[in-house]
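Below, chains carry the letters A, B, ... as their sequence lines are ordered, and counting in each starts from 1. Model, not experiment: these values are computed from the prediction.
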Amino acid sequence: MRRLLKDPLLWIFLVFALYPAIPYIGNFISLGSELLLWFIFTLSFNLCLGQTGLPSFGHGAFYGLGSYAAAITYLKLSGEGGGFLAPLVGGIVVGTAAAGLLGWFIKDKRGVYFAMLTVAFTQVCFGICWRWDEVTGGEAGLSGIVRTTFLGIDMKNLHNFYYLCFVVFVIAALIIRSISRSCFGLSLQSVRQNHIRSQYLGYNCNMYKFVVYALSGAFAGLSGALYCLLTQSAFADILDWSKSGDVVMATLLGGGTVSFYGPIVGSLIFIICKNLLSSLWDHWLFIYGMSFVIILCLFPTGLMGVFKRRAASKA
Amino acid sequence: MSLFKITGLTKRFGAMAAINDVSVNIEHGGIMSIIGPNGAGKTTFFNLLTGFIKPNAGQILYKDQDVTRLKPYQIIKYGISRSFQVVSLFEEMTVLDNVIVGTQRNMGYMNRLFARYDRQKDVRDKAMDILDRVGMAHMAELPAASIPHGDRKILDLSMALTTNPETLLLDEPMAGLSKAERLRITNVIKTLSQSHKVILVEHDMDLVFSISETILVLHHGEVLACGEPGTIADNEEVQSAYLGREVA
Ligand SMILES: Nc1ncnc2c1ncn2[C@@H]1O[C@H](COP(=O)(O)OP(=O)(O)OP(=O)(O)O)[C@@H](O)[C@H]1O
Ligand SMILES: [Mg+2]
């Protein structure tokens, strides 16, 4: 029980369970949903970056493709009668497949080469989605997706949809955290910290890179699909490489390289800045960018890094 | 059956052959040492034997099985393991976790998605057992980056033990250590040599000549001599290769 109470995830769950009741911010219920699915997205991204050391700087591809997959599943296959889950499953399948495919071809690449290939991949996906009118709606994107009823709950209601996102987030966060602490997670850590030694202990490092990449793509695709349902549309601009950069920035800012919770902290800051600062001032990105540079120069391990060091020096 | 049967092994870096047409049979009894001046190709030789780099030509048989083109993670399944001249650890882990990475792989736990790695009692026990054997159990919970150099060398060595090897390739396990620490590692190696086949790269001639059954001398990537310590010490070519260096 003690240990449970000390678990940061429990408190995060608690805060977001009560989110709609929080004064002021709680009114922005879509913002809350977006936060939750960004948590899923950045946590899955951090399985690659923080856990395995894969600089996947084009991770937005799987998020974007997941959102398209959900839209297309809904529009072409399932429709309003096809149930609520079909688009989500579509997003997971496509996210996994795309990441698996890319991962298979770049699993032996490292560092900058790996990073650039993932960026190139996301640009290719962007190009295709931007142009392929028949399937992706081209520049106009896809719209007309309706959130249908799920288990008798009306998902058109944004509060209900928020709680669906919350449940998915809870499950995803628990899964990702137990993976990161598992035997498999330690194997991934060994690949990140010293891939040569890891090989000499019997690990086929490239295979681990491939598997974790596909796994991460599954969660990214899932969060993309939720985003599609939230906005009831799919657009190519989330596939733009700069959007992938947002994920990297948020994760580093929060301290994903040293802490499991880093991506959550970073997403919180990024999404709130994006939605609140931007309505106050057009050049909010300037402030956000500057603070990013300053914080990472002063604290290379991000905000959780500072927090961890504090805790360590107290102990 | 030789332990290693190596024929025509060649590795070039650009124009320079770090290992040049080496053919040698390594028959094993006791500790075998590989000596040679700096840059002779000793580490490159280990890198080739363990599949870390691919040779330009030649063949490596380990107990009559061709292991020439295998990768390190495949080689270890044949019972070959190595330590590193420059310690190669997981710097952000504790001493114990460094060893657990190896033991969990060896015991087949490495792909468990939802089992906490630090709660696997048998993996942990095995890891503690290995640390115990090298006298490092009391340091288990310390961060690997924080322990003294001598202990890091031993940790590097104990990680090589986690794969349950039959043959241990030790690349200068005592480089940069004090007298007392060298003695400690020498004892560890002597103990290990009772249960493992040890191939040792070492610069300390007194030590090499006192503990080795066989000595292989590498020079400019070629085998200068191979034999018992007595015959190596008398070998004139060896003496001239070591000009300015004491031999035995
Ligand atoms: N990856 C590499 N690329 C280019 N040259 C290399 C590489 N690895 C080794 N060499 C060269 O090959 C030669 C043999 O190096 P090696 O490390 O095998 O020597 P060594 O006998 O282990 O020396 P030492 O006693 O200093 O450890 C050296 O001249 C070295 O510079
Ligand atoms: Mg060397």
Side-chain angles (χ1 to χ4, degrees), chain A residues 3 7 44 47 50-53 107-108 171-212 214-216 218-219 255-260 300-301 305 308-309 312 315, chain B residues 46-47 50-53 70-78 80-84 86-94 96-120 123-124 143-145 155-156 158-165 169:
Chain A
R3 209 165 56 215
D7 188 342
S44 79
L47 270 181
Q51 190 89 17
T52 322
K107 64 186 190 303
D108 57 339
I171 297 170
L174 288 174
I175 293 179
I176 294 175
R177 189 175 65 172
S178 58
I179 289 175
S180 73
R181 289 171 167 182
S182 69
C183 298
F184 181 72
L186 186 72
S187 307
L188 297 177
Q189 275 289 342
S190 80
V191 174
R192 175 175 75 82
Q193 291 188 27
N194 188 342
H195 70 106
I196 293 175
R197 188 74 206 220
S198 181
Q199 282 191 52
Y200 271 105
L201 296 176
Y203 292 90
N204 181 351
C205 294
N206 293 347
M207 221 51 193
Y208 280 87
K209 284 160 76 174
F210 162 69
V211 171
V212 76
L215 190 68
S216 170
F219 286 101
T257 50
V258 292
S259 164
F260 171 81
T301 49
K308 269 198 151 172
R309 227 172 346 168
Chain B
F46 272 9
N47 285 343
T50 52
F52 184 58
I53 53 177
L70 300 181
K71 304 233 167 66
Y73 70 87
Q74 296 166 317
I75 294 262
I76 62 129
K77 291 180 196 142
Y78 288 78
I80 305 171
S81 191
R82 77 173 289 187
S83 72
F84 291 79
V86 179
V87 281
S88 180
L89 312 177
F90 302 111
E91 297 288 348
E92 296 165 39
M93 297 183 192
T94 62
L96 179 63
D97 287 355
N98 266 274
V99 182
I100 284 183
V101 173
T103 47
Q104 74 162 13
R105 171 69 190 77
N106 184 249
M107 297 167 82
Y109 283 64
M110 67 288 178
N111 293 333
R112 299 199 175 182
L113 269 177
F114 298 111
R116 279 188 68 151
Y117 81 86
D118 50 354
R119 300 250 174 91
Q120 307 309 311
V123 173
R124 206 187 151 88
L155 177 57
D156 188 290
S158 37
M159 287 162 81
L161 297 176
T162 59
T163 63
N164 247 340
L169 311 180

Check: Is it the side chain or the backbone of B:Asn106 that comes within 4.5 Å of chain A heavy atoms, both, or neither?
Finding: neither
Margin query: Check for me whether the distance between the ring centres of B:Tyr117 and A:Phe184 falls short of 6.0 Å.
Written below: no
Item checked: Interchain contact, A:Arg192 with chain B, by part (heavy-atom threshold 4.5 Å) -> side chain
Notebook entry, point to check: Which value, rounded to the nearest 0.5 Å, describes the distance between A:Gln193 atom CD and B:Met93 atom CE?
Noted result: 4.0 Å
Next item on the list: Could you tell me which of B:Thr162, B:Val101, B:Asn98, B:Ile76 has the largest number of non-hydrogen atom pairs under 4.5 Å with chain A?
Entry: B:Val101
Next item on the list: Indicate the ring-plane relationship of A:Tyr200 and B:Phe84, choosing parallel, tilted or perpendicular according to the 30° and 60° boundaries.
Entry: perpendicular
Check: Is B:Arg105 reaching over with its side chain to a backbone N or O of A:Gly202, donor-acceptor style, under 3.5 angstrom?
Finding: yes
Item checked: Lys/Arg cation over aromatic B:Phe90: A:Arg197, 6.0 Å, 45° cone -> no
Notebook entry, point to check: Should A:Tyr208 and B:Asn111 count as side-chain neighbours, where that means a heavy-atom distance under 4.5 Å?
Noted result: yes
Check: So which of B:Thr163, B:Asp118, B:Leu113 has the biggest tally of heavy-atom pairs under 4.5 Å with chain A?
Finding: B:Leu113
Checklist line | Portion of A:Ile175 that has a non-hydrogen atom of chain B nearer than 4.5 angstrom | finding: both
Item checked: Euclidean distance, A:Ile196 CD1 relative to B:Ser88 OG, rounded to 0.5 Å -> 6.5 Å
Check: Can you tell me if B:Arg119 uses its side chain to pair, donor with acceptor, with the backbone of A:Ser182 under 3.5 Å?
Finding: no
Next item on the list: Go through the atoms of B:Gln74 and report whether side chain, backbone, both or neither lie under 4.5 Å from a heavy atom of chain A.
Entry: neither
Note to self: For a quick test of reading the model, state the closest non-hydrogen atom pair linking B:Gln104 to A:Cys183 and the distance between them.
What the structure shows: NE2-O, 3.0 Å
Note to self: Less than 4.5 Å to any heavy atom of chain A: does that hold for the side chain of B:Thr103, its backbone, both, or neither?
What the structure shows: neither
Note to self: Quick check for you: to the nearest 0.5 Å, what is the distance between A:Ser198 atom OG and B:Met159 atom CE?
What the structure shows: 9.0 Å
Check: Considering only heavy atoms, which portion of B:Glu92 lies under 4.5 Å from any heavy atom of chain A: side chain, backbone, both, or neither?
Finding: both
Notebook entry, point to check: In Å and rounded to the nearest 0.5 Å, what is the CG to CZ distance from A:Leu186 to B:Arg112?
Noted result: 13.5 Å
Next item on the list: Taking all non-hydrogen atoms of both residues into account, name the closest pair between A:Ile179 and B:Phe114 and its distance.
Entry: CG1-CE2, 4.0 Å
Checklist line | Short side-chain to backbone donor-acceptor contact, A:Gln199 and B:Tyr73, under 3.5 Å | finding: no
